[in-house]
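Chain naming here is simple, since letters A, B, ... match the order of the sequence lines and numbering starts at 1 in each. Bear in mind the structure is a predicted one, so any value in this text is a computation, not a measurement.
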Amino acid sequence: MSKGQTKRKYTIFPFGPQHPVLPEPIQLRFTVDEERIVDVGVNIGYVHRGIERACELNDYRRNVYICERICGICNFIHALCYCMVVEKLLGLEVPERANYLRVIWSELNRLESHLLWLGLFADAMGFESLFMQFWRDRELVMDLQERTGGNRVIISTCVIGGVRRDIGRDLANLVEQGMLKLKRHMDALAPVILKDPGIKKRTVGKGILTYEDAVRLGAVGPTARGSGVAKDIRSTGYAAYGALGFEPVVEKDGDCYARLLVRFYEVYQAIDLILKALKEMPEGKIRVKPDRWPEGEATARAEQPRGELFYYAKANGSNRLERLKVRTPTLANIPSLLAMLPGYEVADIPVIVLSIDPCIACTERITYLKKDGGK
Amino acid sequence: MAKSRFKSPWILHFNCGSCNGCDIEILACLTPRFDVERFGMLHMGNPKHADILLVTGPANRRNARVLRNLYEQTPDPKVVVAVGTCACTGGMFHNCPNVLGGVDKVIPVDVYVPGCAARPEAIIDGVVLALKKLAEKKVEPVKAVGGR
């Protein structure tokens, strides 16, 4: 080494698997040059349970409850996507009213998830009171989930061929009032999100993901929509989304603030969708029973709060599935996250990591080989 | 010192393979509706600050080591609360290929809180039970290093 030319020394430090900012275990290894992030590596598999295998061992009707527990936050949408893929295998036509009910519960899940995220994001920025306010409002949604589904978190209302519970007139009134109240509360918080200089200082221009990168790295959900990619599976019109009419929320800047805005506007959108679905819901049956066992191959897609959810199923005419494959949005968003981080400071890590809304419980589908290799 | 330990217990939460359902309920405990801070409970990120270890989800082969590390780093006296059916017994994942079973396969558990997902009221109740156990546990006097 010649004089005056010293080799740059990088520090490598691990973030996780147990860390106060992350409620869930994931390990990110950062290579830093003093305060600046140079490179990031990711290490997952701490939550791997082998659910896909469990689904092959159980009766296909019981798998709904296993799929729900892939992720407790967006449980209904997991169940819905599983039911959609099996209904395709069975050639089952779901009653119209069940489709509307599915939209209502999907959007309640989305509200719950987005309010949760908005709170956690505020906490990551150090805005404790905003965290508490979002979580207080989230309890409104939890109450409605409990009244309509029977449980606060895992509501188990979706079954193959429809839904298990109906929302009658009284309950519909209750949901409507809850939604209007939530809307008033959100109106009160909107000036904080839109104007507060503290929030802007922490998020504007941080963790930029350009439109090209978002497309190239296959970002999904609010992460992609924050970068101007109008990609939302609800536009394909599954369940009753086609009949209700749907336009994705898109922001162009691609930074953490854009992703914050996308989710905040989606809260309003979900409220409007629920109100519209309650108004336009037709009368009729809510469930049809399957009359044979699934056979063939099929795929289904649904929009989770975090992005596109994809199910693939293969069946051979018995009461068990031969193969079930689940691809969850956080897994698709991890390459984008790794592209967002380099160049920013260590203090920005929590905000940027949270801005993709990581759900590790969802992600842990593909670590099978890695686990065996790493053991 | 001993009094402050059960008057204001500090909590460490570790998710070892849960579906998030119980985790969000633990977080909900901290927020205005349930507000466990009125019992002096604080959510800590550092195992060395904690008195109570709240564990959610079934233990699996990969996180068993992390869980044992966290348990060993938590200073005595400590209590472990297993939150949710999976943490108690493995729940619906009990025969999944990668799952060892309940948390008690890896570390000793003092209080079991069942439920899928465990309700915030049940979690608070479990933690209050854990406080009683914490008060009963004896503290070994710390011996000075170096033979003095």
Colleague: Considering only heavy atoms, which portion of B/Cys116 lies under 4.5 Å from any heavy atom of chain A: side chain, backbone, both, or neither?
Modeller: both
Colleague: Working to the nearest 0.5 angstrom, can you tell me the gap between B/Leu53 CG and B/Trp10 CH2?
Modeller: 16.0 Å
Colleague: Whether the side chain of A/Arg152 engages the backbone of A/Met142 through a donor-acceptor N/O pair (distance < 3.5 Å, no angle test) should be reported.
Modeller: no
Colleague: Treating A/Asn75 as the side-chain partner and A/Val153 as the backbone partner, does any N or O pair qualify as donor plus acceptor under 3.5 Å?
Modeller: yes
Colleague: Sub-3.5 Å donor-acceptor pair from the side chain of B/Asn63 to the main-chain atoms of B/Val66, do we have one?
Modeller: no
Colleague: Would you please go through residues 119-130 of chain B and name the residues with a non-hydrogen atom below 4.5 Å from one of chain A, in numerical order?
Modeller: B/Arg119, B/Pro120
Colleague: Whether the side chain of B/Lys105 engages the backbone of B/Gly101 through a donor-acceptor N/O pair (distance < 3.5 Å, no angle test) should be reported.
Modeller: no
Colleague: For the pair A/Ser113 (side chain) and A/Arg110 (backbone), establish whether a donor and an acceptor sit closer than 3.5 Å, ignoring hydrogens and angles.
Modeller: no
Colleague: State plainly whether the residues B/Lys133 and B/Glu136 are in salt-bridge range, i.e. N to O under 4.0 Å.
Modeller: no
Colleague: At a 4.5 Å cut-off on heavy atoms, which part of B/Ser18 comes close to chain A: side chain, backbone, both, or neither?
Modeller: backbone
Colleague: Applying ring pair (Phe, Tyr, Trp, His ring centres under 6.0 Å), can you list everything that pairs with A/Phe121, at least two apart in sequence or on another chain?
Modeller: A/Trp117
Colleague: Is any residue of residues 28-36 of chain B within less than 4.5 Å of chain A by heavy atoms, and which ones?
Modeller: B/Ala28, B/Leu30, B/Thr31, B/Pro32, B/Arg33, B/Phe34
Colleague: Heavy-atom cut-off 4.5 Å, strictly under: side chain, backbone, both or neither for A/Glu146 against chain B?
Modeller: side chain
Colleague: Report which part of A/Asp137 has an atom under 4.5 Å of a heavy atom belonging to chain B: side chain, backbone, both, or neither.
Modeller: neither
Colleague: Please classify the contact between A/Phe134 and chain B as side chain, backbone, both or neither, with a heavy-atom cut-off of under 4.5 Å.
Modeller: neither
Colleague: Counting only non-hydrogen atoms closer than 4.5 Å, does A/Glu112 touch chain B with its backbone (N, CA, C, O), its side chain (CB onward), both, or neither?
Modeller: side chain
Colleague: Would you call A/Arg320-A/Glu56 a salt bridge at under 4.0 Å N-O?
Modeller: no
Colleague: Is A/Glu52 paired with A/Lys325 through a side-chain N to carboxylate O contact shorter than 4.0 Å?
Modeller: yes
Colleague: Has the side chain of B/Asn20 got a donor or acceptor atom that lies under 3.5 Å from a matching backbone atom of A/Cys71?
Modeller: no
Colleague: With A/Phe127, which residues qualify under ring pair (Phe, Tyr, Trp, His ring centres under 6.0 Å), at least two apart?
Modeller: none
